[in-house]
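Right, one structure below, let's go through it.
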Amino acid sequence: MLDIKVIRSNPDAVKQAMRNRNMNADQMLDEILEIDQQRRKITGETEAKKAEQNANTKQIPLLKKAGEDTTALMEQLKNLSDEIKVLDSALSELEKKQMNILLSLPNIPSPTTPVGKDDSENVEVRRWGEPKQFDFEIKAHWDIGKDLHILDSETAAKVTGARFHFYRNLGAKLERAVINYYLNTHSANGYEEILPPFIVNRSSMMGTGQLPKFEEDAFRLATKVSEEDYFLIPTAEVPVTNMYRNEILDGAKLPIKHCAYSACFRAEAGSAGRDTRGLIRQHQFNKVELVKFVDPETSYDELEQLTNDAERVLQALGLPHRVINLVTGDIGFSSAKTYDIEVWMPSYGRYVEISSCSNFEDFQARRAGIRFKNHPRDKAQFVHTLNGSGVAVGRTVAAILENYQNTDGSVTVPEVLRPYLGVDVIR
RNA sequence: GGAGAAAUACUCAAGUGGUGAAGAGGCUCCCCUGCUAAGGGAGUAGGUCGGGUGACCGGCGCGAGGGUUCAAAUCCCUCUUUCUCCGCCA
């Protein structure tokens, strides 16, 4: 959520920032400024009346004690009370309108996010590794998985539907090995391991910015467990970031770093027909997420480190990849700056996104009320939140199957995974 | 799923409609002290919103949201969470 004060003091810069996101928000921003002005005017009037009410109300017990008649004063205060009610409801109407607009505005891109209209203009930052040359006809991972009887989409189609998979045998073990390898690596590297709930309430989905704008992308539970709506998480970012919702953290504890495995559930609305085969785009997939809460001063350094931490596991797996800096037209709703890590996928003949590392600055923190103080008497200020996939597990398995495939249809297991899997080759 | 109890600040906790939400511990500062402990003094309802260049002024804050009332921590309604017991359950 943007700070209304920023919009108020610099509306033209905000308008330009939205245009850089391919969004013309001029009208919306003019409207919110209008609402803001009115809201503050009515706030002043209401508060003056309330101050009058408080002062007079205090007189009543004193007058009564003195044996005086308070009927006239009470009559007068009844009228005042009615006026306050009218103003209060007008005020809450304006606040609601203002909040709705604020919640639907995306974050302002960082100055270090290149201006550009779509993914074709994203800037490559670096590459690691060389795409492997194969001297035989390569197979896509869905064929490798099917032939080795480790991936089964057909049974999943019967049991559930499209865009789901059964992993079997060494496929299931490989997925589990990757999860364990990622968690062990990151937790040894200073990230506290979290296993979060896979279901969250509406407030949490609001806190990280999935709602209210992108409800169609989420799975909402049909069964009512409580009065609040429950959602399947689209990423562990949601429960882990919201762990600290409406809290004031001790500045000495920053940066707080978490790694978390979760299954992720996405409706993939609007992606019909894209990546329909294989593990690339599923309604349910596994991911290890990295989440950080940091002092605003350090958040861009922390983003670099976060990206490095995500890359490190791909390097250990020997998977060629590159890092790209997303342009203003391609970054996500809540993000100020995003690096995508893309892994080389031989069957696609190109790099495919496997991680997305973002600095949200105070956008999520303001929505979710996550603040910190360095000293007890300081004014609480918003933390910066960051997160990145560390990394997507299903896509990792796809990349391993393709990059490590052999001419006989078998797949060599990357060295670091062998202790987890117990075999060198899947055949 | 059923029955009961509870939710007040960093912690414990008083407060059954009325002027500033008690008190204690803790914490911060000061005094005393060779140092520590003990002792003495002062401060400590966070936070947030609005106004003001500012010292300040005002509004809202007693789990959340509504309601009654001139006035709500206190009365009423809905919800959430926690605890105890019963039932069910991996």
Side-chain angles (χ1 to χ4, degrees), chain A residues 1-9 32-103 195-207 211 221 223-231 239 242-254 263 362 365-383:
Chain A
M1 188 163 65
L2 301 182
D3 187 349
I4 183 66
K5 287 177 190 156
V6 170
I7 300 177
R8 201 188 289 154
S9 62
I32 202 169
L33 288 170
E34 174 79 35
I35 292 169
D36 181 53
Q37 200 173 19
Q38 230 186 325
R39 181 183 61 83
R40 286 189 296 157
K41 179 166 158 272
I42 296 182
T43 300
E45 290 169 18
T46 310
E47 290 186 357
K49 283 189 194 293
K50 283 184 178 172
E52 187 189 342
Q53 181 185 47
N54 287 341
N56 282 315
T57 292
K58 280 174 194 164
Q59 293 306 311
I60 288 180
L62 296 179
L63 292 171
K64 278 192 175 166
K65 204 173 268 179
E68 293 186 38
D69 181 27
T70 57
T71 328
L73 182 57
M74 277 163 62
E75 187 63 28
Q76 185 194 328
L77 286 176
K78 172 71 181 153
N79 290 334
L80 185 59
S81 173
D82 288 343
E83 287 171 38
I84 288 171
K85 269 183 193 143
V86 171
L87 286 172
D88 258 343
S89 73
L91 200 54
S92 71
E93 197 58 38
L94 287 169
E95 280 167 359
K96 209 191 290 175
K97 268 193 199 163
Q98 178 168 319
M99 186 55 79
N100 283 342
I101 296 177
L102 281 178
L103 287 174
L195 183 58
F198 293 178
I199 295 175
V200 295
N201 58 33
R202 181 173 286 273
S203 303
S204 292
M205 293 287 275
M206 291 281 220
L211 295 182
L221 297 203
T223 304
K224 278 243 169 194
V225 185
S226 80
E227 281 301 303
E228 255 208 285
D229 287 329
Y230 280 5
F231 295 85
N242 280 282
M243 284 168 74
Y244 300 96
R245 174 149 47 89
N246 295 329
E247 290 197 8
I248 297 172
L249 306 169
D250 174 3
K253 299 229 166 73
L254 301 181
D362 64 4
R366 178 170 282 108
R367 285 181 161 233
I370 308 172
R371 289 168 296 173
F372 77 102
K373 286 183 182 183
N374 282 321
H375 302 288
R377 277 159 211 273
D378 286 355
K379 191 174 155 59
Q381 55 174 322
F382 290 112
V383 299

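Keep in mind that this is a model prediction, so the values were computed, not measured. Chain identifiers are assigned alphabetically (A, B, ...) following the order of the sequence lines, protein sequences preceding nucleic acid strands; residue numbering begins at 1 within each chain.
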* Rounding to the closest angstrom, what is the interatomic distance between B/G59 and B/G46 at atom P? -> 15 Å
* To do: Calculate, to the nearest 0.5 Å, the distance between atoms CZ and CG belonging to A/Arg366 and A/Leu2 respectively.
  => 8.0 Å
* Structure fact -> To the nearest angstrom, the CD-C1' distance between A/Gln381 and B/U48 comes to 16 Å
* **Which residues share a side chain to side chain donor-acceptor pair (under 3.5 Å) with A/Ser89, sequence neighbours left out** => none
* **Contacts of A/Tyr244 that satisfy ring-ring contact (aromatic ring centres under 6.0 Å, His included) - sequence neighbours left out** => A/His258, A/Phe293
* 4.5 Å side-chain heavy-atom contact, A/Tyr230 and A/Val200 -> no
* To do: State whether A/Arg40 places a side-chain N or O below 4.0 Å from either non-bridging phosphate oxygen (OP1 or OP2) of B/G51.
  => yes
* Asked: Mapping A/Asp36 and A/Pro61 to their closest nucleotides on RNA chain B, which lands nearer the 5' end?
  -> A/Pro61
Anything under 3.5 Å between a donor and an acceptor, one on a side chain of residues 32-40 of chain A, the other on a protein residue two or more places apart or in another chain? List them.
unit_1, atom_1, unit_2, atom_2, d
A/Asp36, OD1, A/Arg8, NH2, 3.3
A/Asp36, OD1, A/Arg39, NH2, 2.7
A/Asp36, OD2, A/Arg8, NE, 2.7
A/Asp36, OD2, A/Arg8, NH2, 3.4
A/Arg39, NE, A/Gln98, OE1, 2.9

* Rounded to the nearest 0.5 Å, what's the gap from OG1 on A/Thr43 to CG on A/Leu91? Could you check? => 4.0 Å
* Structure fact -> Sequence neighbours excluded, the answer for side chain to side chain donor-acceptor pair (under 3.5 Å) partners of A/Thr70 is none
* Asked: A/Ile42 CD1 to B/G51 P: how many Å, rounded?
  -> 14 Å
* Could you give me the stems involving RNA chain B, meaning stretches of three or more consecutive Watson-Crick or G-U wobble pairs whose two defining distances are both below 3.5 Å? => B:1-7 with B:80-86, B:10-12 with B:23-25, B:26-31 with B:39-44, B:47-51 with B:56-60, B:63-67 with B:75-79
* Asked: Is there side-chain contact between A/Asp362 and A/Asp3, with heavy atoms separated by less than 4.5 Å?
  -> no
* Structure fact -> Residue pair A/Leu62/A/Arg8 against RNA chain B: nearer the 5' end by closest nucleotide is A/Leu62
Polar atoms only, N or O, under 3.5 Å: list the protein pairs with nucleotides 8-12 of chain B and their distances.
none

* When the C1' atoms of B/G25 and B/U84 are considered, how many whole Å apart are they? -> 28 Å
* Using a 4.0 Å heavy-atom cut-off, write out nucleotides 52-77 of chain B from 5' to 3' as B (base contacted by protein), S (sugar-phosphate only) or - (no contact). => ------BBS-------S-BS------
* **Distance in angstrom units between A/Asp3 CG and B/U48 P, rounded** => 12 Å
* **P-based separation of B/U74 from B/U69 [nearest Å]** => 16 Å
* Quote, to the nearest angstrom, the C1' distance that separates B/C76 from B/U19. => 26 Å
* Rounded to the nearest Å, what distance is computed from the CD atom of residue A/Glu95 to the P atom of nucleotide B/G50? -> 10 Å
* Asked: Can you tell me how far P in B/A6 sits from the matching atom in B/G63, rounded to whole Å?
  -> 13 Å
* Structure fact -> Residues passing the side-chain contact (heavy atoms from CB on, under 4.5 Å) test with A/Arg371, sequence neighbours excluded, are A/Ile248, A/Ala380, A/Phe382
* Taking only side-chain nitrogens and oxygens of A/Arg39, does any of them come within less than 4.0 Å of OP1 or OP2 of B/C49? -> no
* A/Lys373 side chain near B/G47 phosphate (N/O to OP1/OP2, under 4.0 Å) -> yes
* Gap in Å between the two P atoms, one belonging to B/C75 and one to B/A7, rounded -> 11 Å
* When you measure from every atom of RNA chain B, which of residues 197-206 of chain A have a heavy atom less than 4.0 Å away? -> none
* List in chain and number order the residues that pass side-chain contact (heavy atoms from CB on, under 4.5 Å) with A/Asn54, two or more places apart in sequence or in another chain; answer none if no residue qualifies. => none
* To do: Write down the distance separating the P atoms in B/A13 and B/A9, rounded off to the nearest Å.
  => 11 Å
* Take the protein atom CG of A/Leu63 and the nucleotide atom C1' of B/G18, then report the distance between them rounded to whole Å. => 12 Å
* Asked: Which distance, rounded to the nearest 0.5 Å, do you find between the CZ of A/Phe231 and the CG of A/Leu221?
  -> 8.5 Å
* So, is B/G61 syn or anti if syn means the angle is within 90° of 0? -> syn
* To do: Just do the side-chain contact (heavy atoms from CB on, under 4.5 Å) check on A/Asn242 and A/Asn201 with the steps written out, would you?
  => CA-CA 10 Å; A/Asn242 280 282; A/Asn201 58 33; over 6 Å; no
* Report the residues that fulfil side-chain contact (heavy atoms from CB on, under 4.5 Å) with A/Gln76, sequence neighbours left out, ordered by chain and then residue number. => A/Leu73
* To do: Rounded to whole angstrom, note down the P distance from B/U36 over to B/C32.
  => 13 Å
For residues 78-88 of chain A, which side-chain N or O atoms pair as donor and acceptor with protein atoms under 3.5 Å away, sequence neighbours left out?
unit_1, atom_1, unit_2, atom_2, d
A/Glu83, OE1, A/Lys49, NZ, 2.9
A/Asp88, OD1, A/Lys50, NZ, 3.4
A/Asp88, OD2, A/Lys50, NZ, 3.3

